[in-house]
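Working notes, structure below.
The structure presented is a predicted model; accordingly, all values stated were derived computationally and were not measured.
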Amino acid sequence: MAGNNLRNRGYAVYLIPGVLASIAVIIVPLVMTVYISFTKWTGVGSPRWVGFDNYTRLFADELFWQSFSNIVLLIIAMAVIPTLLGLVLAAVLFDYVAKHFGDRWAGAFRSGYYLPQVIPVAVTGIIWSWILHPSYGALNRILESIGLGGLARNWLGDPDYALYSVMAVMVWFQLGYPIVMFMSGLQRIDPSIYEAADLDGASWWQRFRKITVYMIRPEFYVVLITTTIAALKIFGQVFVLTGGGPSNATLVPSYFAYRNFFEKAQVGYGSAISTVLTVLIVVLAFVFLRLQHRAEELS
């Protein structure tokens, strides 16, 4: 027993580089951001302590609340819709395509869905900017070619449609991740369970609802947590597609913080926005983990 304890303590040495990197890259910047959020600072000179003034201003700022109302819709587009749709598509690929056309075709579809996750954000943003362009965009050209030119819009330049256009892009962008995760989860399910359900005359929907969904709950929670956090942190796609516009219609907290940091040189105020967003992400992650733990205890 003593030998095992000494051996386990020896492994701790290999954790030191990771711990030091986490302190340097995460902990120190986080502490500095929280400190600066209580100051007034332009990024040059010495910060001036102002206490909770930045937070008082923040919670009275209409743009701050608008950015959070926008992020609720983006959570639906990046977390809820891809998770539910990805679950169904993963089950179809695993339970139908793989059986009737082979694992190679199922893998090809899976790779195709996951491809947007691999392409750089700037590239996908530029491509979708071309597709949704009001003058020469492919989407409007297709609508005109099939006699639906009346539906053509300035998808990213009209405040009434910009946010929904970004949501559609984010569903496309995010869909591949849940599919890959759920297909991995499906591979660990004992095939005999499905065979027993088939012998009992269960339909595909009954097997999906009673077996598939129940057995891959751990993957479901992981996907929901990670996609929700990704939605709260979204920046690159909004930066490339709309820049938070038009008329702040696609403004999100991370871009709002960036605007105050770099465009307005209000570093203290931008730090307050970032601090509130960080606290929200930590709280939501804790809630999701507690729900997952409770579900595992009840199962």
Side-chain angles (χ1 to χ4, degrees), residues 61-89 109 111-179 223 226-260 262-264 273 277:
D61 193 334
E62 292 182 1
L63 286 180
F64 173 75
W65 294 111
Q66 181 179 348
S67 70
F68 268 96
S69 65
N70 291 340
I71 209 69
V72 170
L73 293 176
L74 285 171
I75 288 174
I76 295 174
M78 292 183 65
V80 179
I81 295 176
T83 299
L84 297 178
L85 187 58
L87 182 60
V88 175
L89 288 174
F109 278 110
S111 300
Y113 282 120
Y114 193 74
L115 185 61
Q117 295 278 324
V118 180
I119 301 174
V121 171
V123 175
T124 59
I126 291 172
I127 291 173
W128 276 101
S129 296
W130 290 343
I131 294 173
L132 300 174
H133 195 277
S135 301
Y136 54 78
L139 179 57
N140 283 348
R141 290 291 181 89
I142 292 173
L143 291 174
E144 292 171 0
S145 66
I146 61 177
L148 297 176
L151 297 178
R153 296 288 187 275
N154 185 0
W155 300 103
L156 296 175
D158 189 331
D160 293 332
Y161 297 98
L163 182 59
Y164 298 107
S165 299
V166 173
M167 289 174 63
V169 173
M170 295 316 302
V171 171
W172 168 84
F173 178 83
Q174 198 73 18
L175 183 59
Y177 170 67
I179 290 177
V223 168
T226 52
T227 53
T228 300
I229 292 175
L232 289 169
K233 298 190 302 180
I234 182 174
F235 173 81
Q237 294 86 349
V238 172
F239 179 82
V240 176
L241 287 170
T242 63
S247 302
N248 299 311
T250 59
L251 186 66
V252 292
S254 59
Y255 192 84
F256 189 35
Y258 165 84
R259 180 182 293 177
N260 282 278
F262 299 103
E263 296 180 6
K264 299 182 178 181
I273 300 168
L277 183 59

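- Within 6.0 Å of atom CD in E263, more than 12 heavy atoms from other residues, nucleotides or ligands are found, so the atom counts as buried in its surroundings.
- Distance CG/L156 to CG/L132: 5.0 Å, rounded to 0.5 Å.
- Atom CE of M167 and atom CE of M78 lie 11.0 Å apart (nearest 0.5 Å).
- A donor-acceptor pair under 3.5 Å links the side-chain atoms of Y255 to the main chain of G243, judged by distance alone.
- G86 approaches P178 most closely through the heavy-atom pair CA-CB, 4.3 Å.
- Contact of the V169 side chain with the I131 side chain is not registered, since no non-hydrogen atoms from C-beta on lie closer than 4.5 Å.
- Here CG of L87 is found 8.5 Å from OG1 of T83. Values are rounded to the nearest 0.5 Å.
- Of all the heavy atoms in I71 and A231, the pair that sits closest is CD1-O, 3.0 Å.
- Note that the OG atom of S165 and the CG atom of L241 stand 9.0 Å from one another [nearest 0.5 Å].
- In this structure, the side chains of V252 and F235 stay at 4.5 Å or more apart for every pair of heavy atoms.
- Using a 4.5 Å cut-off on side-chain heavy atoms (C-beta onward), D158 and P246 make no contact.
- Each of N70, L73, L74, T242 was checked for a side-chain contact (heavy atoms from CB on, under 4.5 Å) with T250, and the lone residue meeting it is T242.
- Annotation: side chain of W128 is not in contact with side chain of F173 (no heavy-atom distance under 4.5 Å).
- Rounded to the nearest 0.5 angstrom, L115 CG and W172 CH2 are separated by 7.0 Å.
- For the pair Q237 (side chain) and M170 (backbone), a donor-acceptor distance under 3.5 Å is absent.
- With a 4.5 Å cut-off on side-chain heavy atoms, P82 and T227 do not count as touching.
- Using a 30° and 60° split on the angle between ring planes, F239 and Y258 fall in the perpendicular class, above 60°.
- From L163, atom CG reaches atom CG of L251 across 10.5 Å, with rounding to the nearest 0.5 Å.
- Note: Y164 and Y161 fail the aromatic proximity criterion, with ring centroids not under 6.0 Å apart.
- The closest side-chain heavy-atom distance from F109 to I179 is not below 4.5 Å.
- Within 6.0 Å of atom CZ in F68, more than 12 heavy atoms from other residues, nucleotides or ligands are found, so the atom counts as buried in its surroundings.
- Counting only distance, with no hydrogens or angles, the side chain of N140 and the backbone of Y136 share no donor-acceptor pair below 3.5 Å.
- Although no hydrogens or angles enter the test, the distance criterion places no donor-acceptor pair under 3.5 Å between the side chain of S247 and the main chain of P159.
- A 4.5 Å side-chain heavy-atom check between Q174 and I234 finds every atom pair outside the cut-off.
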